[in-house]
Amino acid sequence: MAAAGDRLESARIRAVAAVDDYAAELRRVEGARLGEGLIETRALKDRVEAVFAEGLRRFDQSGEYAADGAIDLVAWLRAKCKLSGGAAAERVGIARQLQHLPQTSQAFATGELGYQHVAVLARTAEHLGAAIVRKAEGSLLALADTMDPGQFTGVAKNFEHRIDAQAALTEANRAHQRRYLTISEPLDGIVRIDGLLDVEAGALVRNAVNAGLPPARDDDRTPGQRRADRLVELCQPRVVVGSADGAGPRPHLIIRTTVDTLIGAAGSPGAELDGGVIIPAETVRRIACDAAISRIIGKGELDAELTRASRSTPPATRRALAARDRGCVAEHCNRPPQWTDTHHVKHWIDDGPTTMSNLILLCRPHHRKVHEGGWGLQRLTTGRWALIRPLPRSRSA
Ligand SMILES: [Zn+2]
Ligand SMILES: [Zn+2]
C-alpha cells in the first residue's frame with residue numbers, strides 16, 4: 001500500500017511537470033493555433049474529470065469519506081475539493097451512474113465524450129434508471145457526438161419524456177415549485193432582483209424584455225441595461241393591461257409539437273418551446289387550451305393538420321366570458337379577467353367546442369392546477385367551480 005502511494009506521488013509530480021511544460025508551450029502560440037490549443041486544453045481537463053469520476057466511484061463504495069467526519073460524499077467534496085454543492089452533487093451522480101453505463105464510461109475514459117455530455121447522460125440515468133438509458137446508450141452517444149451540451153440536454157429531455165411522460169411532468173412541476181422572485185430593499189442606491197422561473201414563464205419574460213431590441217443606432221446602452229429598462233417599461237400600467245376584459249393582444253409563445261402530444265397519447269414526445277427547451281405534454285395542452293396566447297405548430301407533415309385544428313377564442317367570445325365569469329371562476333379566487341386564460345372544459349383537441357358553454361375563465365395558477373396538477377373541476381350552483389384534489393398518481397418519479 002505504501003509503495004502504491006509512493007508511486008502515485010511520483011506520478012503526480014510528473015503530471016504537474018507535464019502541465020507546466022504544456023502551459024509554457026501554449027504561451028508561445030497565437031491565433032488559430034492558440035484556438036486549437038484551447039480546445040485541446042478542455043479535452044485534457046475532461047480526461048482528468050474521467051480519472052476523477054473513476055476514483056470517486058471507488059471512494060464512494062469504500063465509505064472512507066466518513067473517516068474525515070463528513071456526513072456524505074457531497075459534503076466531503078465541498079469541504080476537501082473546493083466544489084460548490086451543485087458541482088459536487090453532479091460529480092457524485094456521474095460516479096454512481098457510470099458504472100451502469102459501460103459505453104459512456106468507455107467513451108469518457110478515452111476522451112471521445114466530454115464531461116458535460118456525460119453529466120447530461122448521468123442525470124437522465126438518475127431520472128429514468130440506468131437500465132433504460134443503457135438500452136439506448138449507442139444511439140444517445142451518437143447524438144452526443146454531433147451536438148453541444150445544450151442541444152444534447154434537449155435530446156435527453158425528449159428521451160425522458162418518451163420513456164416516462166409522468167416522470168417528466170413531475171420534474172417540470174418540481175421546477176415550477178422552485179419559482180421565486182425577490183426584490184431587495186434599496187442598498188447603496190441599488191435594488192437587486194433575483195429569482196427562478198420555470199421554462200414557460202422564463203420564455204414569456206425573456207420574449208417580453210427582448211421585444212423592442214435591437215437598439216437605435218445612437219443607443220449606447222448595454223444589452224443588460226436595455227433589458228432592465230424594458231422590464232421597468234413593462235411594469236407601467238398602460239402596457240401591463242391590454243384591456244380590462246383580457247381581449248386585447250396577448251403575448252405569443254411558439255411551440256412545436258405533434259398531434260400525439262396534444263391528444264396525450266402514451267409514449268408521445270415532449271414539445272419544443274422557442275430555443276429548443278422541452279416542455280411536458282400537459283403544459284402544451286394547457287397553453288393550447290387558450291389558443292389566444294399561443295401558436296402551436298407541428299413537425300413537417302403535421303403542420304397542415306395542426307393549423308386547421310388550433311383555434312383562438314374570438315374577441316367577442318372573450319368579452320362575453322369576462323362579462324359572465326367576471327374573472328377566474330375557481331371558488332374563492334378573485335383574479336380579474338385580464339389575468340385569466342380561457343379554459344376549454346372539454347379540450348378542443350378532444351372535440352370540445354370553442355363556445356360559451358364549454359369555456360370558463362381561469363387564472364394562470366388555477367389553469368395550471370387543472371392541467372399539470374390533474375385537479376378536477378365541478379360546477380357549483382353559484383356559477384363558480386370547485387377544484388377537486390386529484391387522486392394520488394399511481395406512479396411518480
Ligand atoms: Zn385549460
Ligand atoms: Zn384563480
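Note that ligands are numbered from 1 as they come in the structure, with each ligand's atoms numbered from 1 the same way. When a residue number appears, it is its place in the shown sequence, counting from 1. These numbers come from the heavy atoms of this one structure, side chains and all, not from hydrogens, waters or symmetry mates.
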* For Arg27, all residues meeting salt bridge (Lys or Arg N to Asp or Glu O under 4.0 Å), sequence neighbours excluded -> none

* Test salt bridge (Lys or Arg N to Asp or Glu O under 4.0 Å) applied to Glu40 - qualifying residues, sequence neighbours left out -> Arg33

* Is the distance from the Zn ion (ligand 1) to the nearest N/O/S atom of His343 under 2.8 Å? -> yes

* Give a yes or no on whether His371 keeps an N, O or S atom under 2.8 Å from the Zn ion (ligand 1). => yes

* Is it true that the side chains of Thr283 and Glu372 contain a donor and an acceptor less than 3.5 Å apart? -> yes

* Polar side-chain atom of His344 near backbone of Cys289 as donor-acceptor pair, under 3.5 Å -> yes

* **From Cys328 atom SG to Leu362 atom CG, the distance as rounded to the nearest 0.5 Å** => 5.0 Å

* Got a salt bridge between Glu126 and Arg123, using NZ or NE/NH1/NH2 to carboxylate O under 4.0 Å? -> no

Name every donor-acceptor pair, under 3.5 Å, that has one atom in a side chain of residues 65-72 and the other anywhere in the protein, sequence neighbours excluded.
residue, atom, partner, partner atom, Å
Asp68, OD2, Trp76, NE1, 2.8
Asp72, OD1, Val74, N, 3.3
Asp72, OD1, Ala75, N, 2.8

* What number of protein N, O or S atoms occur at distances under 2.8 Å from the Zn ion (ligand 2)? -> 4

